[in-house]
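Structure first, commentary second.
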Amino acid sequence: MEQASDIKTTPRGFYCTLCNVYVPNQASLEQHVKGRKHQTLSTVRTTRKIQEEHSVFVSGIKPDTSQADLTEYFQQFGPVTDVIMDKDKGVYAIVQFSETDGIQATLSCVEHRLKGLKLRVKPREKKEFKLIPKNKKDDQNLLQVFERVKPELCQMLSVDAQMQHVMERFQLGENEKKARGLLIQLLQEVFIEFFPDSQILPFGSSVNTFGIHSCDLDLFLDLENTKVFQARAKLPTEQTGEGTSDDGRSEDSILSDIDLSTASPVEVLELVAAILNRCVPSVHKVHVVSSARLPVVKFHHRELNLQGDITINNRLAVRNTRFLQLCSGMESRLRPLVYTVRFWVKQKELAGNPSGAGFLLNNYALTLLVIFYLQNCDPAVLPTVDQLKDMACEEEECVIEGWNCTFPSQPIAVPPSRNTQDLCSLLAGFFTFYAQFDFVSSVISVREGHALPITDFLSQNKEEEEQPTKTQQNTPKLGPLNLLDPFELSHNVAGNLTERSQCSFQRECQEAEKYCRSLQYQRKSTKGKSWGLVRLFSPHGEVTPAKTDQGFLTISIPFKSAMLSESLRNQLSVAGEGFRLLWFQKVCSAVEGVFQKVLRCSLAPSTDSIFTSDSAVEMESASTSLNTSINERSDYIDSSSEASPLVKAAVGTKRLLSSGSDDSVSPQGKRPRLGRTGKPISPHWIWIQRHKVWAGRRKVRRELIKETDARPEGSCMELESQVTAYILDKEAELKDPVEFKVESQVVGGTESTKTVLKFRPTSDKEGLFQDFFHFLEVFLPKMVETLLEKEV
C-alpha cells in the first residue's frame, strides 16, 4: 500500500515521491520500482518507521549519565535493544525497545527517577521520511564562485597567472589542513583504545596536494598490528603473562567481542560506526555503506562541517596518494593544470557525483587523465610508473595485495623534465590530446604511459583466471572510457562513465580546443572584456543542432565492447589492432539484416551493380598493415553475394595482382585501383520501403505480447519481425514507396571508434522519409546492438 502512495500520475507520466524521480511510462515505472534506489529507500524507510514505533525520547539527564545507566533503568519496562545519546551536550537520549509493550509500560509510569534526576519521557516524534538531495545547491554555489573569481582572473596578465590564481583560490588552506590534522589525531587516540596498535592513515584529496575547500576526509584504519596483538593475547597465559599482553596492556577490551582475523569487513565497520557514534564528539550521521566497491563508514563532523569516510581495506589508496604527492613534488606545473581542468569540468557539468556514485568523472580519474597527457607530451613532462619503478632503490620496493607499487619516495630521485612549455600551451594541448583520442577502442595506462588496444582485454581466458598472479585473476570493467589505476591494474577508475558522459567530455574538449586557438584565449583584452580562462570557464549556451553531411542525415553506431557476444569479443581479440575492420563488417551485416529481415526493406535493383571486383576494397592482413589509420585507407568488403553488397570472405584477404606487375598497374580490363591516399570507398545500399513500418509499432507490440514488457524497443529481433509482419498484413502498401540511400563508414584512431551511417532520400514523394529516419535514429542502433550481442 505504501508503494502505491509513492507514485503520482502527472502529465509527463509518473512521479515517485520517495525517490524524487520522474518516469515517462508504465514500463519505465516498473523498472524503477524494482530498481536498487527505490528498493534501498523503501528498506530504509521501513527500518526508520520500526525504530520510531519502538522508541521513546528521554530528557532531563546530565552529561555524566552513561548509556549503561539508562539501559539498566529502562530494562525494567522491557528488553532494550539500543540507547542513542546526545554525546555533545548530554541532555537527551533515545531508548529503543524490542517490543512495543515496553513503550506502553514506560509511558504509563507517572514518574521516572534515575540517580536523583527526574527524567521526562515522551513518545518519539513521528517524522515523514523524505529524501534530501545532497548538494542540491551546488550548481548555484558554483555559479556564485565563478562570478567572484571572474573579475580577479580578468585582471591577470597571462593565462599562466590565471591558472596559478585558480589553484591558490581553491586549494586547501593551512587552517583547514590543521583542523583536519587535529581530527585525525583525535580519531587516532579514540581508536587505539579499542584497537591496540591500530593506525589512522589519511589518503585522497586532503593529503594528495590536490585538495579543495570542503573536500571529504578519507581515512584508512590499519588493523594489521591489532590483529597481531589479538593473536598474541590468545596465546596461553604463561607465554605472555596472565591477563595482559606482552606490553602490559589489558586484553579485556572491545576485541573480546570480535575476531579480526575471521570477521567480515562489514562486521568490523559496524563496530567502527558504533565507536564513532558513542565516543567521538561532534560526529553524527554515521552509517555503513556495505554495497560500495570497498565498504566504508561515512560520518559528518558538525563543527568542521566535514564529510568523512573510514575504510579498513584500502591500503592501495594510501599508496596512490603517495604517488600523486610524488608527481606534484617533481613537477610544479601539474597542480595548477589539475586545478584548472577540474574547475573547467565542473563548469561544464562533466564531473562531481554528489553521493560518490554516479555517471560523471571523479577527481582521481581527472588527475590521472592529466598525468597521462603529460606523459605523452614531447618531450614528456612526467615519467611513466614503470620508469619510476626503475628509479627506486631496493629499500623502496613495495608490493600491496600482489600489485607492484614501487616508486621513489622523494622527488629528488627523479631527473627533471626537459619540457619547457608554459601552462597556457600545456592546457591547450590537454584539450587537443583528448579531442582526438579514440576512447572506446583504447585502454589508458598511466603505468606504461601509452594507450593499450582494447583487444588485449576482450578475450577472457579461463585458464589464466585460475593463475595465482593478480594481473591474471582480474580484468578491468570495460566501458566508454577505460582508465587503469596505476597499480591495481584490474580497476578501471572511469568505469562508472556512460557513453553519454564520455561523449560529452570529448565534445567539450573539442570545443575548448577550438577556443584555445583564438587570440581571446592567448591575449589579455585591452578593452576589459573576458579573455583566457574566463571565457573557457563560462557555462555554454544553447546547443546548436547537428549539421548534416552534404545533404545526408547521419546515425552513429559506437563501438561498445561490453555489448558484444563472447564469440565476437574473441574474434576481435585475435584481429588485434585491425579489429575495427572486422567489427565494421559485423555492423554492416547487422544493418543489412535489420533492413531486410526486420523492417522488410528491399534492395533497389541498381544496388547489385554497385559492388564489383573492380571497385573492391583491400582488406589488409589483420596482423600487419591494419595498424594504419582507418580513414586513410580504402579497407572495405568485396562483393560476392547476389543479395548483399557485403563480402562473406574471411578478413585479411586481398585481391592479388598478376605476376610481375607493380602496384601502379591494374590487371587487364580493370580500372586502376585507388591509391592509399585516395578517398575511402564506402559500402552503401539503396533501399525501398513500401509500408509505414515505423507507425504504431508500440501499440502493435503490446497487442502481440498481451502483457507488460519492460524490454526497450529493438531488444528482440524475433518480436520486432513479428511487429513488422503484423503491420504489413494490416496496412496497405504506399502508393509511392520511400527510396533512400545508406552509406557506411568506420572512423577511429583520431576519434572514438564508430560506424557512421549516412542517409539520403532518393525518392520521397509523400514526404515520409523524415518520420522514418526519426524512428531509425533510436531503433537501428539498438537493433544492431542486439544482433551483435547474439553474434556467434
S501 vs T498, side-chain hydrogen bond (donor to acceptor under 3.5 Å, both in side chains): CA-CA, chis, key distance, verdict
CA-CA 5 Å; S501 303; T498 61; 3.0 Å; yes
Stepwise side chain to side chain contact (heavy atoms under 4.5 Å, CB included) test for N320 and F203
CA-CA 8 Å; N320 285 336; F203 66 91; over 6 Å; no
CA sep, side-chain torsions, deciding dist, call: F170, F210, ring pair (Phe, Tyr, Trp, His ring centres under 6.0 Å):
CA-CA 9 Å; F170 293 108; F210 298 102; over 10 Å; no
Check against side-chain hydrogen bond (donor to acceptor under 3.5 Å, both in side chains), Q745 and T755:
CA-CA 6 Å; Q745 183 182 7; T755 294; over 6 Å; no
Given E303 and S282, is the side-chain hydrogen bond (donor to acceptor under 3.5 Å, both in side chains) satisfied, shown in steps?
CA-CA 6 Å; E303 291 183 6; S282 294; 3.1 Å; yes
Stepwise, does the ring pair (Phe, Tyr, Trp, His ring centres under 6.0 Å) test hold for F431 with W344?
CA-CA 11 Å; F431 296 126; W344 171 75; 4.7 Å; yes
Taking it one step at a time, do L536 and L427 satisfy side chain to side chain contact (heavy atoms under 4.5 Å, CB included)?
CA-CA 11 Å; L536 184 68; L427 179 62; 4.0 Å; yes
I'd like to know whether R342 forms a side chain to side chain contact (heavy atoms under 4.5 Å, CB included) with T367, so could you lay out the CA-CA distance, the side-chain angles of the two residues, the decisive distance to 0.1 Å, and finally the verdict.
CA-CA 8 Å; R342 282 187 182 182; T367 305; 2.9 Å; yes
For F343 and V149, run side chain to side chain contact (heavy atoms under 4.5 Å, CB included): C-alpha distance rounded to whole Å, both residues' side-chain angles, the deciding distance at 0.1 Å, then the answer.
CA-CA 11 Å; F343 190 72; V149 173; 5.7 Å; no
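Residues L324 and Y364 are in side-chain contact: their nearest non-hydrogen atoms beyond the backbone lie under 4.5 Å apart. No side-chain heavy atom of E448 sits less than 4.5 Å from a side-chain heavy atom of L484. The side-chain heavy atoms of Y15 and D6, taken from C-beta on, include no pair separated by under 4.5 Å. Counting heavy atoms from C-beta outward, F505 and K348 have side chains that stay 4.5 Å or more apart. The side-chain heavy atoms of V591 and I557, taken from C-beta on, include a pair separated by under 4.5 Å. With contacts defined as side-chain heavy-atom distances shorter than 4.5 Å, the pair F439/C503 does not qualify. In this structure, the side chains of H301 and Q307 stay at 4.5 Å or more apart for every pair of heavy atoms. Residues H32 and C19 form a side-chain contact, since some pair of their non-hydrogen atoms from C-beta on lies under 4.5 Å apart.
A tilted orientation is assigned to the rings of F769 and F759, their planes being inclined by 30° to 60°. Ring orientation note: the planes of F372 and Y434 are tilted relative to one another, at an angle of 30° to 60°.
Across all non-hydrogen atoms, the minimal contact from I454 to S442 is CB-N, 4.2 Å. Taking every heavy atom of both residues into account, V446 and L368 meet most closely at CG2-O, 3.9 Å. Minimum heavy-atom separation, S538 to V534: OG-O, 2.7 Å. The minimum heavy-atom distance linking F437 with Q506 is given by the pair O-NE2, 2.6 Å. Between L334 and C327, the closest heavy-atom pair is CD2-CB, 3.6 Å. Scanning all heavy atoms of the two residues, the minimum distance from K346 to A351 falls at CD-O, 4.0 Å.
Residues forming a ring pair (Phe, Tyr, Trp, His ring centres under 6.0 Å) with Y373 (at least two apart in sequence, or on another chain): F430, F433. Annotation: ring pair (Phe, Tyr, Trp, His ring centres under 6.0 Å) contacts of F14 (sequence neighbours excluded): none.
A 6.0 Å sphere centred on NE2 of H774 holds no more than 12 heavy atoms belonging to other residues, nucleotides or ligands.
Although no hydrogens or angles enter the test, the distance criterion places a donor-acceptor pair under 3.5 Å between the side chain of T321 and the main chain of G204. Remark: the backbone N or O of E152 is not paired with any side-chain donor or acceptor of Q155 at under 3.5 angstrom. Judged purely by atom type and a 3.5 angstrom limit, N376 uses its side chain to pair as donor or acceptor with the backbone of G449. Between the side chain of Q502 and the backbone N or O of L497 there is no donor-acceptor pair closer than 3.5 Å. Listed for the Q162 side chain is a donor-acceptor partner under 3.5 Å among the backbone atoms of L533. Judged by distance alone, with hydrogens and angles left aside, the side-chain atoms of R447 form a donor-acceptor pair with the main-chain N or O of P486 at under 3.5 Å. Between the side chain of K524 and the main chain of V159, no donor-acceptor pair closer than 3.5 Å is present. Put simply, the side chain of K298 never gets that close to the backbone of I310: no donor and acceptor are under 3.5 Å apart. Although no hydrogens or angles enter the test, the distance criterion places a donor-acceptor pair under 3.5 Å between the side chain of Y339 and the main chain of G211. Judged by distance alone, with hydrogens and angles left aside, the side-chain atoms of D309 form no donor-acceptor pair with the main-chain N or O of D218 at under 3.5 Å.
Atom OG in S425 sits 7.5 Å away from atom CG in N419 (nearest 0.5 Å). Here OG of S206 is found 8.0 Å from CG of D216. Values are rounded to the nearest 0.5 Å. If you take CE on M163 and CG on L153, they are separated by 11.5 Å, rounding to the nearest 0.5 Å. The distance from the CG atom of N208 to the CG atom of L326 is 12.5 Å, given to the nearest 0.5 Å. Residue R180 holds its CZ atom at 12.0 Å from CG of N175, rounded to the nearest 0.5 Å. To the nearest 0.5 angstrom, Q522 atom CD is 10.5 Å from W531 atom CH2.
In this structure, R580 pairs ionically with D438, as a charged nitrogen and a carboxylate oxygen lie closer than 4.0 Å. Under the 4.0 Å criterion applied to side-chain N and carboxylate O atoms, E513 and R517 are assigned as salt-bridge partners.
P336 pairs in a side-chain contact (heavy atoms from CB on, under 4.5 Å) with only one of the listed residues (Q171, H165, Q164), which is Q164.
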